[in-house]
Q: 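Let me begin by handing over the structure; questions about it come next.
Read the numbers this way: they start at 1 and go in the same order the structure lists the ligands and their atoms. Excluded from the calculations below are hydrogen atoms, water molecules and symmetry mates; all remaining heavy atoms, backbone and side chain alike, are included.
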Amino acid sequence: MTTLRLAIVGAGPAGIYAADILRKAERRFDVSIDLFERLPAPYGLVRYGVAPDHPRIKGIVNALRDVLDAHTVRLFGNVDFGTDITLDDLKRHYHAVIFSTGSFFDAPLAIPGIDLAGSHGAAEFVNWYDGHPDVPREWPLDAASVAVIGNGNVALDVARMLSKHADDLLPTEIPDNVYRGLAASPVTDVHVFGRRGPAQVKFSPLELRELGEMRDVDMILDDEDFDYDEASKTAIATNKQILVIDRVLQQWRQRPVGQAGRRLHLHFYAAPTEVLGEGGRVTGIRYERTEPDGAGGVRGTGEFREVGVQALYRAVGYFGSVLPGVPFDEKRGVIPNREGQVIGDDDQKVPGVYATGWIKRGPVGLIGHTKSDAMETVSHLINDQASWWSPADPSEQAIPALLAARGVEFTTLDGWHNLDAYEIGLGEPRGRARVKVVERDEMLRASQRSRPAAG
Ligand SMILES: Cc1cc2nc3c(=O)[nH]c(=O)nc-3n(C[C@H](O)[C@H](O)[C@H](O)COP(=O)(O)OP(=O)(O)OC[C@H]3O[C@@H](n4cnc5c(N)ncnc54)[C@H](O)[C@@H]3O)c2cc1C
Ligand SMILES: NC(=O)c1ccc[n+]([C@@H]2O[C@H](COP(=O)([O-])OP(=O)(O)OC[C@H]3O[C@@H](n4cnc5c(N)ncnc54)[C@H](OP(=O)(O)O)[C@@H]3O)[C@@H](O)[C@H]2O)c1
């Protein structure tokens, strides 16, 4: 029977689900899968995106871990595709590759002043509070008033992490430097700006409700945002999510405010037009008041308003990154593909190359969605046998030997288990489930205790 040697690049949920689905798929051939991950830890945005105060979602790692622990996939951590291993290497050693590299960077927001000091991308802040090894350890939390642009779940995560008292995050896995940074924050007011109305938001009811449950934080809403047009009324009447969102907001409108030490302001119909600055630093945000256009969208009213803030976060979406040798859609930030089969400039399928997850579909959707993504991609891979590569050396030993010869300090599944146990051990004496290790060197040291010899 043929053995399919498959490389998967990116050990987030999309890559891990793809491995699992392929392993369980109908068996016309044997499967041998190597999963490459540029970080010493797997799980992608589940570890480095999902907020630390969402332990239930973080718990998805248990299901992902079961897939890795089935030992039908080899994990090569700390291996960056494009630097440590290339497409030519993969063609020499595998029949095909699935890219599941997700999205790491913030989408741009082209308004004047966006590059001022104090203006940040939400992804940068998320990476900091979730302890990503490749971002600086210190975060400038020196603003009393902060703006967050966007009405998606990332905007709510960022607004919540900025507003919440640091001590209320102590039971979570937040790294020590993050606790210290948040504990010293002088923030009093967080302003969230959505360019459309309450019935057109992208965030979900659960995430919204959580904002109102924060200790010592008042929710501030403006009556003028609730004069609903017909399209909004229809959305509330026909869409259960929007109905619940409206209920939550209406409850907050009735709540007494004025006692809390911090305030979270939700501004709707507010399209940011400029980040204001002085001496190169953010001093405020200017936005245009919008109004419903009758069809679920909005139009500008020509009325501009300003709010003074000393820091600003744009949470207007993530964006994928180019992978050397792999087609890339610069506009959408994805690998161009048809149902996961990668498409070249000539609009033809690129043999042997597949994509899944956010890098296939764009940075929208929940963890569960990456499962259906993976199913679609894997079904094409299985049926495309005629267009697989013909590797010169498909042996399993070739890869650890190649990485070792290049001096790549790769980690393995055992290494991840070591790091995992180390982090849990750091949390134990303090009554915490885990304390995340942030420095890459320390991650590698903790991983390497039982690293097997190469080759
Ligand atoms: C801030 C934030 C919070 C979220 N919270 C939730 C939530 O609470 N619930 C929910 O259901 N969904 C949530 N999501 C959505 C969820 O995270 C995504 O749906 C999911 O992670 C996408 O999976 P993925 O595998 O495609 O990408 P990722 O999770 O991004 O995984 C990609 C992996 O590829 C690796 N990689 C990238 N480039 C390379 C390379 N060159 N070489 C090797 N490896 C590489 C990365 O390091 C990463 O590990 C959140 C998203 C964000 C941004
Ligand atoms: N707890 C969770 O379940 C959780 C947490 C985080 C993320 N996620 C998921 O991860 C995915 C990504 O989330 P996300 O928040 O990054 O993206 P998103 O849901 O697409 O939201 C992006 C937001 O940015 C706004 N926006 C875009 N361009 C803008 C501009 N030029 N000016 C003003 N606003 C602009 C959008 O407004 P318009 O709608 O008007 O375009 C939208 O409100 C989502 O599917 C989300 O549900 C889930």
Q: Less than 4.5 Å apart, any side-chain heavy atom of K164 and any of V217?
A: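 No, side chains not in contact.
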Q: Hey, is D157 touching ligand 2 through its side chain, its backbone, both or neither, going by heavy atoms under 4.0 Å?
A: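 The answer is the side chain.
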Q: Looking at ligand 2, does A271 have a heavy atom less than 4.0 Å from it?
A: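 The answer is no, since A271 has no heavy atom less than 4.0 Å from ligand 2.
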Q: For ligand 2, which part of A51 has a heavy atom less than 4.0 Å away: the side chain, the backbone, both, or neither?
A: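 Looking at A51 and ligand 2, no heavy atom falls under 4.0 Å.
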Q: Please list, in number order, the atoms of ligand 2 under 4.0 Å from a heavy atom of R196.
A: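 Listed by number with element: 38 (P), 39 (O), 40 (O).
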Q: Below 3.5 Å, can you tabulate the donor-acceptor pairs from side chains in residues 265-273 to any protein atom, sequence neighbours excluded?
A:
unit_1: H265; atom_1: NE2; unit_2: D189; atom_2: OD2; d: 2.7
unit_1: H267; atom_1: NE2; unit_2: H191; atom_2: ND1; d: 2.8
unit_1: T273; atom_1: OG1; unit_2: R286; atom_2: O; d: 3.2

Q: Angle between ring planes, Y318 versus W358, binned at 30° and 60°: parallel, tilted or perpendicular?
A: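 Perpendicular: the ring planes of Y318 and W358 meet at over 60°.
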Q: Does any N or O atom in E207 lie less than 3.5 angstrom from one in ligand 2, N or O only?
A: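 N/O-N/O distance below 3.5 Å exists for this pair.
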Q: At what distance is the nearest protein heavy atom to atom 41 (O) of ligand 2, and which residue and atom is it?
A: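 Nearest protein contact, heavy atoms only, for atom 41 (O) of ligand 2 is R195 NH2, 2.8 Å.
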Q: Side chains of T370 and D373: is there a donor and an acceptor less than 3.5 Å apart?
A: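 On atom types as modelled, these side chains do not qualify, holding no pair under 3.5 Å.
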Q: Do R195 and N151 have side-chain heavy atoms sitting under 4.5 Å apart?
A: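 No, every pair of side-chain atoms sits at 4.5 Å or beyond.
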Q: Taking the side chain as C-beta and beyond, is there a heavy-atom pair between R338 and H380 under 4.5 Å?
A: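 When only atoms from C-beta onward are counted, H380 and R338 do not touch, as no gap falls below 4.5 Å.
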Q: Report the part of W358 in contact with ligand 2, treating N, CA, C, O as backbone and CB onward as side chain, heavy atoms under 4.0 Å; options are side chain, backbone, both, neither.
A: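 The answer is the side chain of W358.
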Q: Which N/O atoms of ligand 1 sit under 3.5 Å from a protein N/O, and at what distances?
A:
unit_1: ligand 1; atom_1: 11 (O); unit_2: I367; atom_2: N; d: 3.0
unit_1: ligand 1; atom_1: 19 (O); unit_2: W358; atom_2: NE1; d: 3.2
unit_1: ligand 1; atom_1: 19 (O); unit_2: G365; atom_2: O; d: 2.9
unit_1: ligand 1; atom_1: 19 (O); unit_2: L366; atom_2: O; d: 3.4
unit_1: ligand 1; atom_1: 25 (O); unit_2: P13; atom_2: N; d: 3.4
unit_1: ligand 1; atom_1: 25 (O); unit_2: A14; atom_2: N; d: 2.9
unit_1: ligand 1; atom_1: 26 (O); unit_2: W358; atom_2: N; d: 2.8
unit_1: ligand 1; atom_1: 29 (O); unit_2: L45; atom_2: N; d: 2.8
unit_1: ligand 1; atom_1: 41 (N); unit_2: D80; atom_2: OD1; d: 3.1
unit_1: ligand 1; atom_1: 41 (N); unit_2: F81; atom_2: O; d: 3.2
unit_1: ligand 1; atom_1: 42 (N); unit_2: F81; atom_2: N; d: 2.9
unit_1: ligand 1; atom_1: 44 (N); unit_2: R38; atom_2: N; d: 3.2
unit_1: ligand 1; atom_1: 47 (O); unit_2: E37; atom_2: OE2; d: 2.6
unit_1: ligand 1; atom_1: 49 (O); unit_2: E37; atom_2: OE1; d: 2.6
unit_1: ligand 1; atom_1: 49 (O); unit_2: E37; atom_2: OE2; d: 3.2

Q: Kindly say whether the aromatic ring centers of F81 and F36 come within a distance under 6.0 Å.
A: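 Not close enough - the centres of the two rings lie 6.0 Å or further apart.
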Q: Any idea how W416 and Y43 line up, ring-wise: parallel (<30°), tilted (30 to 60°), or perpendicular (>60°)?
A: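 Perpendicular.
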Q: In the structure I gave you, are the side-chain heavy atoms of V353 and W389 within less than 4.5 Å of one another anywhere?
A: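 A side-chain contact under 4.5 Å exists here.
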Q: For atom 4 (C) of ligand 2, what's the nearest protein heavy-atom neighbour? Residue, atom name and distance, please.
A: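 For atom 4 (C) of ligand 2, the nearest protein heavy atom comes out as N153 CB, 3.4 Å.
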Q: Ignoring hydrogens, just give me the one of V201, V154, I367 whose non-hydrogen atom is nearest atom 13 (O) of ligand 2.
A: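 Among V201, V154, I367, the closest heavy atom to atom 13 (O) of ligand 2 belongs to V154.
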Q: Which donor-acceptor pairs under 3.5 Å do side chains of residues 198-206 form with protein atoms, sequence neighbours excluded?
A:
unit_1: Q200; atom_1: OE1; unit_2: G197; atom_2: N; d: 2.9
unit_1: Q200; atom_1: NE2; unit_2: S232; atom_2: OG; d: 3.2
unit_1: S204; atom_1: OG; unit_2: N153; atom_2: OD1; d: 3.2
unit_1: S204; atom_1: OG; unit_2: N153; atom_2: ND2; d: 3.0
unit_1: S204; atom_1: OG; unit_2: E207; atom_2: OE1; d: 2.8

Q: Can an N or O of Q200 be found at a distance shorter than 3.5 Å from an N or O of ligand 2?
A: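 Not met; the criterion fails.
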Q: Between Q250 and R253, is any side-chain donor less than 3.5 angstrom from a side-chain acceptor?
A: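 Their side chains do contain a donor-acceptor pair, which is all the 3.5 Å distance test asks for.
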Q: Which of the atoms of ligand 2 are close to P363, meaning less than 4.0 Å from one of its heavy atoms?
A: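 Heavy-atom distances to P363 below 4.0 Å select 11 (C), 12 (C).
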Q: Need the ligand 2 atom indices (1-based, order shown) with element for anything under 4.0 Å from a heavy-atom of N151.
A: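 With N151 as reference, the close atoms of ligand 2 come out as 23 (C), 42 (C), 43 (O).
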Q: Which ligand 2 atoms, with their elements, are less than 4.0 angstrom from a heavy-atom of G152?
A: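 By the 4.0 Å cutoff, the relevant atoms are 15 (O), 19 (O), 21 (O), 23 (C), 43 (O).
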Q: For residues 14-23, which residue pairs qualify under side-chain hydrogen bond (donor to acceptor under 3.5 Å, both in side chains), counting only residues two or more places apart or in two chains?
A: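 Applying side-chain hydrogen bond (donor to acceptor under 3.5 Å, both in side chains) to every pair that reaches into residues 14-23, excluding sequence neighbours, yields D20-R23, D20-K24, R23-T72.
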Q: Can you tell which part of A315 has a heavy atom less than 4.0 Å from ligand 2: side chain, backbone, both or neither?
A: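 Looking at A315 and ligand 2, just backbone atoms fall under 4.0 Å.
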Q: Do the non-hydrogen side-chain atoms of L39 and H132 ever get within less than 4.5 Å of each other?
A: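 Side chain of L39 against side chain of H132, heavy atoms only: contact under 4.5 Å found.
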Q: Which of the numbered atoms in ligand 2 are below 4.0 angstrom from a heavy atom of L366?
A: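 Atoms satisfying the 4.0 Å criterion: 3 (O), 47 (O), 48 (C).
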Q: Is L211 close to R160 at the side-chain level, that is, under 4.5 Å between some pair of heavy atoms?
A: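 Side-chain contact under 4.5 Å: yes.
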Q: Between V435 and D176, is any pair of side-chain heavy atoms under 4.5 Å apart?
A: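 When only atoms from C-beta onward are counted, D176 and V435 do touch, with a gap below 4.5 Å.
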Q: Counting each atom of ligand 2 from 1 as listed, which ones have a heavy atom of G317 under 4.0 Å away?
A: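 Going through ligand 2 atom by atom, the ones under 4.0 Å from G317 are 16 (O).
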Q: I need the nearest protein heavy-atom contact for atom 45 (O) of ligand 2: residue, atom name and distance, please.
A: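 In this structure, atom 45 (O) of ligand 2 has G365 N, 2.6 Å as its nearest protein heavy atom.
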Q: Hey, does D134 have a side-chain heavy atom less than 4.5 Å from the side chain of Y48?
A: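 No. Closest side-chain heavy atoms not under 4.5 Å.
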Q: Below 4.0 Å, non-hydrogen atoms only: which portion of L109 touches ligand 2? Side chain, backbone, both or neither.
A: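 Contact part for L109 vs ligand 2: side chain (C-beta onward).
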Q: For atom 25 (C) of ligand 2, what is the closest protein heavy atom, and at what distance to 0.1 Å?
A: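 The closest one turns out to be G150 CA, 4.1 Å.
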Q: So, is K202 polar-close to ligand 2, with some N/O to N/O distance under 3.5 Å?
A: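 Yes, K202 has an N/O under 3.5 Å of an N/O on ligand 2.
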